[in-house]
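First up is the structure itself, then whatever we jot down about it.
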Amino acid sequence: MVMIYVKPAAGGRVRMPERSSRVMPPEGAWVPRVDYYERLLICSDVAICDPPAPSEPEAKKPAAAKEELQQGGPT
């Protein structure tokens with residue numbers, strides 16, 4: 001599934017149905033590119049943007065640890 005990074009419009013609240021309808025944080029989130037978010041893009045309720053740069057400590061982690069985190073923990 002294609003994922004996009006979006007931010008809500010200034011002052012807006014956007015629910016994320018794939019995450020138990022939690023409100024999207026103001027800094028944005030990775031979301032699936034599905035009809036729901038396409039409609040929000042068309043209405044300018046969200047905007048596609050660049051994800052934030054990784055924090056300094058995360059950038060120094062070994063590649064194996066990063067992969068483990070992305071896969072949901074140790075197997």
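Bear in mind that the values here come from a model prediction, so they are computed numbers and not experimental data.
In this structure, the side chain of Arg15 does not engage the main chain of Arg22 through any donor-acceptor pair within 3.5 Å.
With sequence neighbours excluded, the residues satisfying side chain to side chain contact (heavy atoms under 4.5 Å, CB included) with Glu38 are Arg33, Leu41.
Pro52 and Tyr5 get closest at one heavy-atom pair: CD-OH, 3.2 Å. Smallest separation of non-hydrogen atoms from Pro8 and Val14: CB-CG2, 3.8 Å. In plain terms, the two heavy atoms of Ala9 and Ser44 that are nearest each other are CB-O, 3.6 Å. Scanning all heavy atoms of the two residues, the minimum distance from Met24 to Tyr37 falls at CE-CE2, 4.1 Å.
Between Lys7 and Val46, every side-chain heavy-atom pair lies at or beyond the 4.5 Å cut-off. The side-chain heavy atoms of Pro25 and Met16, taken from C-beta on, include a pair separated by under 4.5 Å.
Hydrophobic clustering, with ILVMFWY side chains joined whenever heavy atoms are under 4.5 angstrom apart, keeps Val23 apart from Leu40.
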Practice task
Applying side chain to side chain contact (heavy atoms under 4.5 Å, CB included), run through Val31 and Met3 and close with a yes or a no.
Solution key: CA-CA 5 Å; Val31 296; Met3 301 292 281; 5.5 Å; no

